[in-house]
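For reference, the structure discussed in these notes is given below.
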Amino acid sequence: MGEKRDSKPSDVKRNGGGKMSFRAVYFKSQYWRVVTTFLYFGPLNLDLLFHVFFLQRYSRLLEESSGRSPADFSWLLVYSMASLILLSPFLSLPFLGTALSSSLVYIWSRRNPETRLSFLGILVFTAPYLPWVLMAFSLVVHGIVPKDEICGVVVGHIWYFFSDVYPSLHGGHRPLDPPAWWRRLFEPPQRTAVAGATDTASINPAFAAAAAPEVR
């Protein structure tokens, strides 16, 4: 994704730019860049259409399966966007739309390992291979390693590990769950209290048995 990712398109420069720049945000008060960096996917081409489609599709699927409330999915977005913004200066990634899309695609693909997908009607594979298929497609089309997609996969894997793998190894503790104050923004007080009581009191017996050490 050579020219799309590493160049600075003239139309973007003329309009003041939407890329992420810590200097512009903190010293010039151009706070909109924190959002607009996720809205640019490059010039119109097949690769752009894929990433916009996947961002829309897998955002919807993750939101529908997020469980307790919109607080979970919105917190996932905040985590992903904040992580990518922090990593962007180290990897020289001025635009993060593709990275965010890759993050969400990776999380969905790991949570649906048995789902079979088809790419361009030719290649058939299971969901966990989807991020790597997209990376290979980007590499073939643009001729360079898609470091923004790799960055998105890393951010997505951290979320997946601490939300889906880590809890089963540490008594159900979920370090990346949204805090109580965040839940209160999206839920009525009664629902928040009920959700908290349910989480602590109504533990699935099968989960508890799996998490407990085997006794002989």
Side-chain angles (χ1 to χ4, degrees), residues 1 4-5 18-20 33-42 45-88 91 93-120 123 125-139 141-142 145-167 174-179 182-183 185-186:
M1 296 192 165
K4 183 191 82 168
R5 300 173 185 219
K19 68 179 182 179
M20 182 59 198
R33 292 178 183 269
V34 176
V35 175
T36 56
T37 184
F38 295 100
L39 302 179
Y40 180 75
F41 292 82
N45 55 31
L46 185 60
D47 187 53
L48 177 145
L49 295 179
F50 272 129
H51 282 96
V52 171
F53 169 75
F54 287 136
L55 179 62
Q56 180 274 331
R57 173 179 173 80
Y58 294 110
S59 292
R60 177 176 59 83
L61 292 175
L62 282 174
E63 184 177 15
E64 290 174 353
S65 63
S66 61
R68 296 181 289 264
S69 79
D72 294 288
F73 179 68
S74 59
W75 187 251
L76 165 60
L77 289 180
V78 169
Y79 155 82
S80 300
M81 295 169 71
S83 299
L84 291 170
I85 287 173
L86 291 175
L87 290 173
S88 62
L91 299 174
L93 296 176
F95 300 106
L96 300 172
T98 299
L100 178 61
S101 174
S102 297
S103 237
L104 301 178
V105 167
Y106 179 86
I107 295 169
W108 178 87
S109 69
R110 293 302 300 267
R111 290 179 172 176
N112 297 271
E114 303 301 323
T115 303
R116 296 182 65 80
L117 304 171
S118 173
F119 187 72
L120 298 178
L123 184 62
F125 51 90
T126 53
Y129 292 99
L130 178 58
W132 315 110
V133 170
L134 294 177
M135 284 188 202
F137 178 74
S138 297
L139 180 61
V141 170
H142 298 283
V145 175
K147 59 184 180 180
D148 50 356
E149 294 186 43
I150 295 174
C151 183
V153 164
V154 170
V155 169
H157 182 73
I158 293 172
W159 177 273
Y160 168 76
F161 177 80
F162 283 105
S163 296
D164 294 69
V165 178
Y166 182 90
R174 302 170 64 88
L176 292 185
D177 267 8
W182 184 265
R183 289 196 180 281
L185 296 176
F186 296 87

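- To the nearest 0.5 Å, the span separating CD1 on I107 from OG on S102 amounts to 11.0 Å.
- Of the candidates F161, Y160, F162, I158 forms a side chain to side chain contact (heavy atoms under 4.5 Å, CB included) with just one, namely F162.
- When each of W132, Y129, F137 is tested with F119 by the rule ring pair (Phe, Tyr, Trp, His ring centres under 6.0 Å), just one qualifies, namely F137.
- With a 4.5 Å cut-off on side-chain heavy atoms, R110 and P131 do not count as touching.
- Atom OG of S59 is separated from atom CG of L62 by 7.0 Å, given to the nearest 0.5 angstrom.
- At least one side-chain heavy atom of R183 sits less than 4.5 Å from a side-chain heavy atom of D72.
- L84 has its side chain out of reach of L93: every pair of non-hydrogen atoms, C-beta onward, lies at least 4.5 Å apart.
- Nearest heavy atoms, L91 versus K147: O-NZ, 2.9 Å.
- Rounding to the nearest 0.5 Å places CD1 of I150 at 5.5 Å from CE of M135.
- The two residues W182 and S74 make their nearest non-hydrogen contact at NE1-OG, 3.0 Å.
- Ring orientation note: the planes of H157 and Y106 are nearly perpendicular, at an angle over 60° on the 30°/60° scale.
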Could you go step by step and tell me if L77 and L104 meet the side chain to side chain contact (heavy atoms under 4.5 Å, CB included) rule? CA-CA 9 Å; L77 289 180; L104 301 178; 4.2 Å; yes
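- Side chain of W75 to backbone of L176: a donor-acceptor contact under 3.5 angstrom is found.
- Taken to the nearest 0.5 Å, the CG atom of L96 stands 12.0 Å off from the OG atom of S101.
- W108 contributes atom CH2, which lies 10.5 Å from atom CZ of R60 (distance to the nearest 0.5 angstrom).
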Walk me through it: do L55 and F38 pass the test side chain to side chain contact (heavy atoms under 4.5 Å, CB included)? CA-CA 11 Å; L55 179 62; F38 295 100; over 6 Å; no
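- Using bins of under 30°, 30° to 60° and over 60° for the plane-to-plane angle, the ring pair Y79/W159 lands in the tilted bin.
- Closest approach of G156 to S103, counting heavy atoms only: N-OG, 3.6 Å.
- A distance of 11.0 Å separates CE of M81 from CG of L76, quoted to the nearest 0.5 Å.
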